[in-house]
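First up is the structure itself, then whatever we jot down about it.
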Amino acid sequence: MFAIDTPPLTVSGKLHIGHVCSFTHTDTVARYQRMRGKEVFYPIGWDDNGLPTERRVQNYFHVRCDPSLPYDPGFVPPASPGQDQVPVSRRNFVELCERLTDLDEQAFEEVWRRLGLSVDWSTMYRTIDEHSRAISQRGFLRNLARGEAYPAQAPTLWDVTFQTAVAQAEVEDREVAGAYYRIAFQAGDGELVPVATTRPELLPACVALVARPGDERYSALIGTTVRSPLFGVEVPVLAHHLADPAKGTGIAMVCTFGDATDVTWWRELGLPARPVLGRDGRFVASPPAAITSRAGRAAYRQLAGETTAGARQRITGLLRTAGDLLAGPEPVRHAVNFYEKGSQPLEIVTSRQWYLRNGGRDPELAQALLEAGRQIDWHPAYMRTRYENWVSGLNGDWLVSRQRFFGVPIPVWYPLDAGGQPRYDTPIVPADADLPVDPMADPPPGYDPGQRGQPGGFAGDPDVMDTWGTSSLTPQIAARWSIDDDLAGRVLPMDLRPQAHEIIRTWLFYTLLRSHLEDGSLPWRHAALSGWVLDPDRKKMSKSAGNVVTPMDSLRRNGSDAVRYWAASGRLGVDMTFDPAQLKVGRRLAIKILNASRFVLALGPSGDLPSGALPSGALPSGEGPSGEGPAAVTEPLDSAMLGRLAQVITQCTRAFEAYDHAGALAAAEEFFWFFCDDYLELVKDRAYGERGDGPAWSARSALRLALSAVLRLFAPFLPYVTEEVWSWWLEGSVHRAAWPDPAEVLPATDGADAGILTAASAAIAAIRGAKSGARMSMRTPVRALVVAARRDHLDALMAVLPDLQAAGRVEHTELRFCDRAEPDYQITL
RNA sequence: GGGCGAUUGGCUCAGCGGGAGAGCGCCUCGUUCACACCGAGGAGGUCACUGGUUCGAUCCCAGUAUCGCCCACCA
């Protein structure tokens, strides 16, 4: 068994040439392993869970998900959308998602089939389908039962547009324009304390000032209080090592919450919380209770309901009027955290969320995960460093709950007390047999639907899981873990996880984590990381940049084998530049295989080629010399060619075993061009029978042996052309044939001498060069060829002399011994 | 700021202690006899730079520069 954890692509996006590239890499491995006799488990899945699908379904059907609504089995989306989106239940939303993504999936499937991916379509899964939801929830509940999943009320990164919490792994920073403002706080003695900030609007949320311990500028202030401008709140001045004397004025305003450091100070210094930002990113209506003065409350009223940008405008105006703005705005560009799919900076908001232990607060677990990473073979190996950087840099547990409507629900309910308040500390879990459940639609075990929201009744958890909460179980989902234990037992752990390197911190890490938490196992033994495909200007292809190359056009224009050739020539981990000109190379190779095969097979035995495969007219008749069975390879040149082929087979096999598909392709290709350009030309006349039956049949046998092996070496890369040629003369499919073994060609290599090939190639090249230099046709006869070389070289040349003379149209040859390192050729035309 | 990777002919890339290579592009020539969706030949590079190790360095080591990426950085 060789099992692959195929990436489930997000179907709401567009397939681009980069996906083709990495999927081709994996497919070559799958085909190689299949030819090696392995049973290849090569599933296919679609990721239709999560925000991209949510948005797309909303826009397409003009609906929105409202989990509080009951399921409507007869729901029909509006044919002509009105002004407002129609609210539908989660189950209706899931159905619409499946309907819409079905169309997308068909388009993706068409590309994959045309590309020749050898996935098993019968294994197809969707991350939102019933089995995936059940496995995802089962996995979560097992984490819960073991204490790995837990709820907590805590400050979290919050996207104000989508109004959901997000995890550390989904944060990216972007360089944006900002400005420094210098604000005057007032010390007890009336002295002004200037504090620099880029977020003056958070002044009403200020709970303290901090300076570095030992900073002489502020040592007198530490332990005292100062009064905030406008709001007149007394806040302590404290010391903490995270305060940076070099930033701003060296003393920082601690707010609820401006950034992650504020959270640290809040926690470590035991400060109060004065939240001012609501979940919609706007200032809440009432000021923090600490603002008691009339002036302060009046100032806050001007901020209530404002966005952060609006509030910043307002508050700087107020500060300026009050004379408390000492300096600014002084423009700066600085990095700000964004949700990777978001468009506004992340805020930090306190909320109740579910977390999954991931080593971010547990060094022992982190160590175990690092160790798990070391037990995986990374291709290329240096990608492991990225994983280790990420695991070592985690600053908290995995926040897995999302305040979205579409996704896999967190499968718990809460009992309501007599006052109708949920008791979060004693969640109710579903029976395993009932999975998947939707707590917002289904009642928990032992309750009636009518008790929903009633005192003494229950409330469903409204949240869904992070999309990675499901994707991190793709090995289990594909293997139908907990559903088909026989399959799962044979397939897990898998052999290979292919994926993009930018999601090491999410998909790869989370998958490793879930597997480790579940039973301490590894999800797979190898991880293959693909690079990116860059556009011809070396920019990363992305939808927003508008430089995406869609694959179907390339597939149609150049043929699937050509596209695969180009993709497979890229090595793992290395970015590739898309260049349409390079696609022609693969196309040329595929056509060359067709033509060379036609030539080899036309030499006989007859009947191998269908009538359409050859041009009409004279086929050299081809019964074997003595009836059935392959003829003996007797000519030294033929043996030498097969000897080289045996080495190439070994080389290709080694490369594939090391997950170096590009190396395998390069080795096969180099041999094939030698085979066509030199060997074929050298033996052509002999194969036609011009030197009699024995030598002719030696060539014909060698040609067929080589062709059979070469087709199989190319089969993982060029499945179409190899299958076509294979069908001309051999039974079954080349893709089910055995991967070539050097032993197949070695019996025919008696007397093989690699020097023969070098000597022959060099001599024919010299003859061609002479003709080309004289601007003569290659068919021009050579009146005399004089070779001066060392004895071993001449011996090698002697072995192939008849072939060389025929190929070069040489009429007379003379060999001379000499001591020169390099042979010398004198050619008289 | 920490880390990883890259730097080889016009372009895309192999190679890697001892001859500097391939394909594309370019130039020249050549079709009865597998292939014009072609073949043959040619020009073109101080292998980023500086040191070191070595009998010998494109290759190993150290440093520098440039590019790309990962992570951290919001006062």
Side-chain angles (χ1 to χ4, degrees), chain A residues 173 175-176 178 180-183 195-200 202 209-211 242-244 246-255 258-262 265 332 334-337 345-346 380 382-390 392-393 395 501-502 504-505 531-532 534 536 538 540 558-559 562 566 569-571 573-579 581-603 614-615 617-618 620 662-663 666 669-670 673 676-677 680-681 684-685 688 764-765 767-780 821-822:
Chain A
D173 52 66
E175 184 100 331
V176 297
Y180 275 117
Y181 299 83
R182 196 166 288 203
I183 301 174
V195 177
T197 178
T198 55
R199 301 203 62 183
L202 291 179
L209 300 186
V210 285
L242 282 180
D244 183 350
K247 281 188 184 165
T249 57
I251 187 162
M253 189 167 95
V254 183
C255 303
D259 62 24
T261 318
D262 280 350
W265 283 325
V332 287
H334 59 164
V336 176
N337 281 339
L346 287 170
Y382 61 75
M383 287 293 180
R384 197 184 78 202
T385 312
R386 301 213 180 166
Y387 170 80
E388 295 188 340
N389 283 349
W390 179 253
S392 309
N395 57 26
H501 60 68
E502 79 254 36
I504 289 175
R505 69 179 185 173
W532 287 332
L534 310 172
R538 306 206 68 109
K540 190 194 171 190
N558 304 283
W566 168 77
S569 66
R571 303 174 120 77
V574 176
D575 293 346
M576 290 187 77
T577 310
F578 181 75
D579 178 2
Q582 295 292 326
L583 290 174
K584 289 193 294 191
V585 181
R587 183 176 170 80
R588 197 171 70 120
L589 174 62
I591 292 168
K592 194 79 174 178
I593 289 173
L594 223 44
N595 284 321
S597 302
R598 228 154 53 171
F599 169 72
V600 170
L601 296 178
L603 291 166
L614 287 172
E669 192 187 5
E670 194 197 355
W673 286 109
C676 290
D677 294 346
L680 228 53
E681 294 299 329
K684 196 179 266 184
D685 283 36
Y688 278 129
I764 193 75
I767 292 168
R768 286 168 179 161
K771 291 178 182 177
S772 199
R775 305 191 163 187
M776 310 278 267
S777 159
M778 288 302 128
R779 302 182 53 74
T780 309
E822 291 302 311

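Chain A is the first sequence line, chain B the second, and so forth, proteins listed ahead of strands; every chain is numbered from 1.
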Could you tell me whether [X] contacts a base, only the sugar-phosphate backbone, or nothing, with contacts defined as non-hydrogen atoms closer than 4.0 Å?
X: Arg587(A); value: base
X: Leu209(A); value: nothing
X: Lys684(A); value: base
X: Ile767(A); value: nothing
X: Val585(A); value: sugar-phosphate
X: Ala243(A); value: base
X: Cys676(A); value: base
X: Ser569(A); value: nothing

To the closest 0.5 Å, what do you measure between [atom1] ([X]) and [atom2] ([Y])?
X: Tyr180(A); Y: Arg199(A); atom1: OH; atom2: CZ; value: 14.0 Å
X: Arg588(A); Y: Leu583(A); atom1: CZ; atom2: CG; value: 14.0 Å
X: Tyr181(A); Y: Thr197(A); atom1: OH; atom2: OG1; value: 9.5 Å
X: Asn558(A); Y: Arg587(A); atom1: CG; atom2: CZ; value: 7.0 Å
X: Arg505(A); Y: Arg386(A); atom1: CZ; atom2: CZ; value: 11.5 Å
X: Cys676(A); Y: Lys592(A); atom1: SG; atom2: NZ; value: 5.5 Å

ask   = Given that Arg199(A) and Asp579(A) both sit by RNA chain B, which one's nearest nucleotide is further toward the 5' end?
value =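 Closest to the 5' end, via its nearest nucleotide, is Asp579(A).
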
task = Let me know, please, whether Met576(A) or Arg775(A) comes out on the 5' side of the other along RNA chain B by nearest nucleotide.
result =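 Checking each residue's closest nucleotide, the 5'-ward one belongs to Met576(A).
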
Mind calculating the distance between [atom1] ([X]) and [atom2] ([N]) to the nearest angstrom?
X: Glu669(A); N: C24(B); atom1: CD; atom2: C1'; result: 12 Å
X: Lys584(A); N: G25(B); atom1: NZ; atom2: P; result: 5 Å
X: Leu680(A); N: G39(B); atom1: CG; atom2: P; result: 12 Å
X: Phe578(A); N: C13(B); atom1: CZ; atom2: C1'; result: 16 Å
X: Met778(A); N: G30(B); atom1: CE; atom2: P; result: 10 Å
X: Glu681(A); N: G30(B); atom1: CD; atom2: P; result: 18 Å
X: Tyr387(A); N: G3(B); atom1: OH; atom2: C1'; result: 17 Å
X: Ile593(A); N: C37(B); atom1: CD1; atom2: C1'; result: 14 Å

task = Classify the ring geometry between Trp566(A) and Phe578(A) as parallel (under 30°), tilted (30 to 60°) or perpendicular (over 60°).
result =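 Perpendicular, since the angle between the ring planes exceeds 60°.
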
Tell me which nucleotide among [options] gets nearest to the side chain of [X].
X: Asn337(A); options: C74(B), G39(B), G5(B); value: C74(B)
X: Tyr382(A); options: C13(B), G39(B), G5(B); value: G5(B)
X: Ser772(A); options: C74(B), A40(B), C38(B); value: A40(B)
X: Arg598(A); options: C37(B), C35(B), C13(B); value: C35(B)
X: Ala335(A); options: C74(B), C73(B), G25(B); value: C73(B)
X: Thr577(A); options: C74(B), G15(B), U12(B); value: U12(B)
X: Ser777(A); options: C38(B), G30(B), G3(B); value: G30(B)
X: Val574(A); options: G39(B), C35(B), A14(B); value: A14(B)
X: Gln582(A); options: A14(B), C29(B), U12(B); value: U12(B)

query = RNA chain B: stems of at least 3 consecutive Watson-Crick or G-U pairs, cut-off 3.5 Å?
reply = B:1-7 with B:65-71, B:10-13 with B:21-24, B:26-30 with B:38-42, B:48-52 with B:60-64

message = Show, in sequence, the C-alpha distance, side-chain angles and deciding distance for Asn595(A) and Arg598(A), and conclude whether the side chain to side chain donor-acceptor pair (under 3.5 Å) test is met.
response = CA-CA 5 Å; Asn595(A) 284 321; Arg598(A) 228 154 53 171; 3.0 Å; yes

Can you tell me, in whole Å, how much space there is between the [atom1] of [N] and that of [M]?
N: A65(B); M: U28(B); atom1: C1'; result: 41 Å
N: G45(B); M: A14(B); atom1: C1'; result: 15 Å
N: U66(B); M: G30(B); atom1: C1'; result: 46 Å
N: U12(B); M: G17(B); atom1: P; result: 26 Å
N: G25(B); M: G18(B); atom1: P; result: 32 Å
N: C4(B); M: C24(B); atom1: C1'; result: 31 Å
N: C47(B); M: G21(B); atom1: P; result: 13 Å
N: C27(B); M: A36(B); atom1: P; result: 22 Å

key: Distance below 4.0 Å between Arg768(A) side-chain N/O and C29(B) OP1 or OP2   = no

query = Does C73(B) have OP1 or OP2 sitting under 4.0 Å from an N or O in the side chain of Lys247(A)?
reply =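 For C73(B), OP1/OP2 do not have a side-chain N/O of Lys247(A) under 4.0 Å.
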
With a 3.5 Å distance limit and no angle check, can you tell me whether [X] reaches the backbone of [Y] through a side-chain donor-acceptor pair?
X: Ser772(A); Y: Arg768(A); answer: no
X: Thr780(A); Y: Ser777(A); answer: yes
X: Lys771(A); Y: Met778(A); answer: yes
X: Asp575(A); Y: Trp532(A); answer: yes

note = Under a 4.0 Å heavy-atom criterion, the protein footprint on nucleotides 66-72 of chain B, written with B, S and -, is ---SSSS

ask   = Has Lys684(A) got its NZ or CZ under 6.0 Å from the middle of the six-membered ring of Phe599(A), at an angle within 45 degrees of the ring axis?
value = yes

